[in-house]
J.: 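Here it is, the structure, as structure tokens.
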Amino acid sequence: MSASKDSLTVITRFAPSPTGALHLGNARTAFFSHLWARKSGGRFILRIEDTDAERSQLRFRDELMAEMRWLGLTWDEGPDIGGPSAPYSQAERGEFYRTLFAQLAANGEAYPCYCTAEDLELSRKLQRMAGKPPRYAGTCRNLTGAQRGEREARGLRPTLRFAVPGDRIIEFIDVVHGPQRFVSSDIGDFIIRRDDGTSAFFFCNAVDDSAMGITQVLRGDDHLTNTPRQLMVLDALGMRRPGYGHVGLLVGADGAPLSKRHGSTSVQEFRERGFLPAAILNHLLRLGHTSDIDGWLNTAEMPAHFRPEHLGRAPARFDESQLLHWQKETLERMSAGQISAWLGSGDAADFVELVRHNVVLPADAAPWRAVVDGELPPLGQDEQRVIAAAGPEFFAAAAAAFDQTNSDLKELTKILKQRTGRKGADLFMPLRAALTGQVHGPELAPLLKLMSPETARRRLRSHAQNT
RNA sequence: GCUCCCUUCGUCUAGUGGCCCAGGACAUCGCCCUCUCACGGCGAGUACACGAGUUCGAAUCUCGUAGGGAGCACCA
């Protein structure tokens with residue numbers, strides 16, 4: 001086999017901020033990045049963007065890593081395992097950033113800004129009202145040394161702003177959107193160091209990607225217009241530019257960004273409901289990406305079917321019915337033992353084998369457990385209709401027949417057929433409804449054998465009484 | 001407001017000027033299987049946002065319109 005483009009080493013990363021649960025949308029970009037690295041035999045790096053000390057929590061970081069491992073998204077370098085570019089938590093990379101800040105400041109490519117948050121807000125407001133883009137007005141850009149000294153003396157702590165060069169064209173090729181072109185004069189000077197000395201996102205994110213040797217940054221569409229800023233920073237520092245790819249956002253059924261009201265949105269929630277990693281991954285593989293094969297894939301074979309050039313630009317709507325489909329496909333490929341472990345309730349093997357095709361999530365098994373040894377919930381409309389249509393005489397006959405045959409459905413229906421003249425659906429459906437409380441489900445004969453004769457008799461009799 | 005992005009069946013999507021009066025998958029519906037339903041098998045319907053242009057020919061190229069989204073933060 002000759003060397004192809006794919007065999008070039010691709011280094012990707014996932015750079016979450018530990019401020020909450022792992023969202024399905026983030027999991028998807030992490031997954032794509034992971035696939036790309038694996039596909040090419042490259043490396044996948046996990047970097048924690050915890051420069052926001054207020055919102056970042058160690059607990060979230062640990063959860064994030066746990067969910068990723070659960071999904072099977074393993075990383076080659078990261079905060080827990082280290083690597084050549086350590087540390088992998090931005091909170092620990094302050095020294096690196098400070099060196100670069102100094103370099104930019106020395107070259108006049110960044111300057112201290114003493115404007116207060118209130119000043120800036122007011123300025124933005126005024127610009128908006130004047131119908132202009134809310135950009136930094138450049139107040140502190142040309143301060144003299146004396147003016148700076150005066151502000152320092154007043155105890156003002158400056159931020160550091162990147163001095164955006166004048167009319168410059170910033171171009172790059174986005175892996176998913178194609179050639180992009182921006183004009184620097186549309187961009188205001190932006191903050192790269194906060195007044196507490198920590199690095200702002202635009203800066204540390206770009207600089208770390210470059211320093212860690214990332215070759216392909218895959219992230220959400222919302223960063224597309226941020227990219228020229230980051231490119232200018234890297235250019236000013238003389239640092240290598242990574243390639244960028246901006247994938248369409250994941251949205252809810254109504255087209256709005258995925259949120260709580262759409263139901264589960266975090267990997268944790270899907271895991272807790274009993275979704276399987278392979279199901280989630282199979283779905284994600286086709287959400288905003290087209291695999292070359294439609295069928296189910298196991299996690300190991302997915303990288304070979306990932307195609308960066310087939311990443312989608314349009315926002316993708318999350319539709320749980322498709323996830324459910326992959327869940328079924330995954331379940332079909334599991335052994336009874338695996339399903340039993342997944343159900344986690346110590347069910348008997350014959351029970352598991354019987355209901356496995358009627359269960360998509362663990363919660364779906366509960367009604368069948370109740371059918372076998374428990375109380376049936378109140379009947380639904382369809383069930384009531386079927387039972388009413390058969391009438392009490394039918395159930396009286398059924399109960400009588402049951403006393404002769406016990407749990408042998410074949411014998412039972414044979415006798416009932418003779419006595420009532422019913423056959424087919426008219427014969428089976430009332431029995432199913434009365435015995436299981438539902439008009440659909442696993443095969444009735446084995447189900448009947450699993451329940452105690454007393455239970456079955458009682459259920460049949462309960463419909464034999466009143467009219 | 002300005003800049004940028006997006007728009008093919010209900011949903012995920014294939015499609016880069018003729019192979020497309022548009023293909024696949026999910027969902028839906030129907031049929032078959034089963035003395036029953038579900039499971040399974042088979043099949044059907046449904047889409048190029050709109051309007052102009054370029055061209056012998058456009059889902060594909062150009063322009064405009066509409067709708068949706070993002071960014072312009074001491075949040076990432």
J.: Report the nucleotide, chosen from B:rG24, B:rC72, B:rC35, that has the shortest atom-to-atom distance to any side-chain atom of A:D294.
T.: B:rG24
J.: Using Watson-Crick or G-U wobble geometry with both distances below 3.5 Å, tell me the partner of B:rC72, or none.
T.: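 With both distances under 3.5 Å, B:rC72 matches B:rG1.
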J.: Looking at the side chain of A:H310, which of B:rA14, B:rC72, B:rU3 is the nearest nucleotide?
T.: B:rA14
J.: Find which nucleotide of RNA chain B each of A:H177 and A:D50 is nearest to by heavy atoms, and output the residue with the more 5' nucleotide.
T.: A:H177
J.: Tell me what A:T198 touches on the nucleic acid: a base, only sugar-phosphate, or nothing, going by heavy atoms under 4.0 Å.
T.: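 Nothing: the residue A:T198, judged by heavy atoms under 4.0 Å, touches no strand.
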J.: Under 4.0 Å, counting only non-hydrogen atoms across every strand here, what does A:H223 touch: a base, just sugar-phosphate, or nothing?
T.: base
J.: Distance to the ring centre below 6.0 angstrom and angle to the axis at most 45 degrees; does that hold for A:R286 and A:W326?
T.: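 Yes, A:R286 and A:W326 form such a contact.
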J.: Hey, does A:L287 reach any base, or is it just sugar-phosphate, or nothing, if we go heavy atoms under 4.0 Å?
T.: sugar-phosphate
J.: Which nucleotide sits closest to the side chain of A:Q180: B:rU11, B:rC5, B:rG1?
T.: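 The answer is B:rC5.
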J.: Within 45 degrees of the ring normal and closer than 6.0 Å to the centroid, is that where the cationic atom of A:R47 sits relative to A:F14?
T.: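 The answer is no, since A:R47 fails at least one limit relative to A:F14.
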J.: Looking at the side chain of A:L249, which of B:rC74, B:rU36, B:rG69 is the nearest nucleotide?
T.: B:rG69
J.: Classify A:R193 by what it touches in the nucleic acid, base, sugar-phosphate, or nothing, heavy-atom distance under 4.0 Å.
T.: nothing
J.: If we call it a pair only when both distances are under 3.5 Å in a Watson-Crick or G-U wobble match, what pairs with B:rU34?
T.: none
J.: B:rC35, B:rA14, B:rC4: which one has an atom nearest the side-chain heavy atoms of A:F182?
T.: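 Looking only at heavy atoms from C-beta outward on A:F182, the closest nucleotide is B:rC4.
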J.: Once you apply a heavy-atom cut-off of 4.0 Å, does A:G288 come out as touching a base, just sugar-phosphate, or nothing?
T.: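 If one applies the 4.0 Å heavy-atom cut-off, A:G288 turns out to touch the sugar-phosphate alone, with no base involved.
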J.: Between B:rC4, B:rG69, B:rU36, which nucleotide has the shortest distance from any of its atoms to the side chain of A:L444?
T.: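 Given the options B:rC4, B:rG69, B:rU36, the side chain of A:L444 is closest to B:rU36.
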J.: On RNA chain B, compare the nucleotides closest to A:H325 and A:M429; which residue's is nearer the 5' end?
T.: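 It is A:H325, whose closest nucleotide lies nearer the 5' terminus.
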J.: Just checking, is any N or O donor in the side chain of A:D119 or A:T116 under 3.5 Å from an acceptor N or O on the other one?
T.: yes
J.: Describe the nucleic acid contact of A:H440 in one word from base, sugar-phosphate, nothing, applying a heavy-atom distance below 4.0 Å.
T.: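 Here A:H440 touches the bases of the nucleic acid.
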J.: What does B:rU16 pair with, Watson-Crick or G-U, if both distances are under 3.5 Å?
T.: none
J.: How about A:H223 and A:F202: are their ring centroids closer than 6.0 Å?
T.: no
J.: Examine distances only and state if a side-chain atom of A:D426 and a backbone atom of A:R422 form a donor-acceptor pair shorter than 3.5 Å.
T.: no
J.: Classify the nucleic acid contact of A:R229 as base, sugar-phosphate or nothing, counting any heavy atom under 4.0 Å across all strands shown.
T.: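 The residue A:R229 makes sugar-phosphate contact but no base contact.
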J.: When you get a sec, tell me which of B:rG15, B:rU36, B:rC12 is the closest nucleotide to the side chain of A:A425?
T.: B:rU36
J.: So if I take every side-chain heavy atom of A:H357 and compare against B:rC39, B:rU13, B:rU11, which nucleotide ends up nearest?
T.: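 The closest nucleotide is B:rC39.
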J.: What's A:Q322 touching, base or sugar-phosphate or nothing? Going by heavy atoms closer than 4.0 Å.
T.: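 Contact class for A:Q322: base.
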J.: Please check if the distance between the ring centroids of A:F270 and A:F318 is under 6.0 Å.
T.: yes
J.: A:R432 near the nucleic acid: base, sugar-phosphate alone, or nothing, with a heavy-atom cut-off under 4.0 Å?
T.: base
J.: From CD1 of A:I387 over to C1' of B:rC37, roughly how many Å is that when rounded to an integer?
T.: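 Nearest whole value for this atom pair: 14 Å.
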J.: Base of B:rC35, side chain of A:T413 - is there a donor-acceptor contact under 3.5 Å?
T.: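 Result: at least one qualifying N/O pair found.
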J.: Contact class for A:P315 vs. all strands (heavy atom < 4.0 Å): base, sugar-phosphate, or nothing?
T.: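 The residue A:P315 makes sugar-phosphate contact but no base contact.
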J.: Mind checking whether A:L104 and A:F203 have side chains closer than 4.5 Å, heavy atoms only?
T.: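 Heavy-atom side-chain distance check passes, below 4.5 Å.
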J.: Can you tell me if the side-chain N/O atoms of A:R313 get under 4.0 Å from OP1 or OP2 in B:rU13?
T.: no
J.: Pick base, sugar-phosphate or nothing for A:A200, based on heavy-atom distances below 4.0 Å to the nucleic acid.
T.: nothing
J.: When all nucleic acid strands are considered with a 4.0 Å heavy-atom cut-off, which category describes A:N226: base, sugar-phosphate, or nothing?
T.: base
J.: For A:C204, which contact category applies under a 4.0 Å heavy-atom criterion: base, sugar-phosphate, or nothing?
T.: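 No contact.
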J.: For nucleotides B:rU11 and B:rU28, find the distance between their C1' atoms and express it as a whole number of Å.
T.: 12 Å
J.: Pick base, sugar-phosphate or nothing for A:D222, based on heavy-atom distances below 4.0 Å to the nucleic acid.
T.: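 The answer is sugar-phosphate, as A:D222 gets under 4.0 Å only of primed atoms, P, OP1 or OP2.
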